[in-house]
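Ligands are counted one by one from 1 in listed order, and the atoms in each one are counted from 1 as well. Treat the numbers as computed from the prediction; the structure is a model and nothing was measured. Excluded from the calculations below are hydrogen atoms, water molecules and symmetry mates; all remaining heavy atoms, backbone and side chain alike, are included.
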Amino acid sequence: MRKISLILLSVLLLAAPVSASGREDVVYSWNCSDKRIALTFDDGPHPTQTPEILDILREYGIRATFFVIGQNAEWYGDCLAMVYAEGHEIGNHSFSHANLTEAGYDGVCREIDEAERLIGERIEYRPHLLRPPGGQLGEELCRAASERDYTLVCWSVDTLDWAHTPPDVIAQNVLSNTEGGDIILFHDYVSGESPTPAALRIIIPGLLAEGYEFVTVSELIGAEE
Ligand SMILES: [Zn+2]
C-alpha cells in the first residue's frame, strides 16, 4: 500500500507545474521531456497588430494562446472572433488590465467575470486559463481563480517586446533560452510600433529548425481547452 502511494506521489510530482515563485497553483512552464512549447500573446485583441500576428502563425501552421483583455474583446469583437476561428486558444487577461493585487476580492471577481462575460458574448467560449496582468499574484486572485476553476498561467520566457526591445535582440534571447515545456510571453498589443511580428519571423523558423513543436497552453499542460 505504502509502495503504491509512493509511486502515485512520484507520478503526481512529475506531472506538477514548475513554479518559479514556489506557488504550486500557478503554471510558469511544464515539465516535459519533449520539445513542446507554447507561444502566448497578451493584451489584445488589437485591430491591426493581432491580424499581423495571425498571418504569421497561419503561414507556419502554428496554434498559440491569446490572453485577451475584456475591454478589447468588447471593442474589437471581430478580431477576437478571427483569433478563435483560426483555432487559437483564448485565455482571460482581466477586464481592464488592472493591478489585481490591489483590487480587493470583489474587484478581482468583477475583473475576471466581466472579461469572461464579454469573451463569451462574442465567441461563445468560456476560457479556462487566467493570466494576471503583469503576472502579479495575490491571495484574493488565487482564491477567485480557484473558485472559478481557472488555471493561473504566467510564463518562463519574457520576450520584453512590450518594452520595444529590438526584434533581433528578442529573437536572440528566445532562441538561446527556450527549452521544452516553456511558455513564452509576447504581446499582440504594444503601444506604438510593435517589434513582435519581426521577432516572430526570426524565432519561429529558428525554433522549428531545432525541432520544437508549438502547442496551446492547454495542450502543453494536458488540460481541456
Ligand atoms: Zn498584459
Review point. For N177, what residues pass the side-chain hydrogen bond (donor to acceptor under 3.5 Å, both in side chains) criterion, not counting sequence neighbours?
Key: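 So N177 forms a side-chain hydrogen bond (donor to acceptor under 3.5 Å, both in side chains) with N173.
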Check your understanding: Are K35 and E213 within salt-bridge range, i.e. N to O under 4.0 Å?
Key ->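 Answer for the salt bridge query: no.
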Check your understanding: Can you list every ring pair (Phe, Tyr, Trp, His ring centres under 6.0 Å) pair that touches residues 188-208, not counting sequence neighbours?
Key ->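 Residue pairs passing ring pair (Phe, Tyr, Trp, His ring centres under 6.0 Å), neighbours aside: H46-Y189.
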Exercise for review: Kindly state each residue pair satisfying salt bridge (charged side-chain N to carboxylate O under 4.0 Å, His left out) with at least one member in residues 120-137, sequence neighbours excluded.
Suggested key: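 Every salt bridge (charged side-chain N to carboxylate O under 4.0 Å, His left out) pair that includes a residue of residues 120-137, provided the two are not neighbours, is D42-R131, D78-R122, E116-R126, R117-E121.
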Check your understanding: So what's near the Zn ion (ligand 1), protein N, O or S atoms under 2.8 Å?
Key ->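 The answer is D43 OD1, H93 NE2, H97 NE2.
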Review point. Can you tell me if CH2 on W155 sees more than 12 non-hydrogen neighbours from other groups inside 6.0 Å?
Key: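 Count over threshold, so yes.
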**Study point:** Least distance between heavy atoms, F66 atom then L57 atom
**Key:**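 Answer, listing the atom of F66 first, then L57: CZ-CD1, 3.9 Å.
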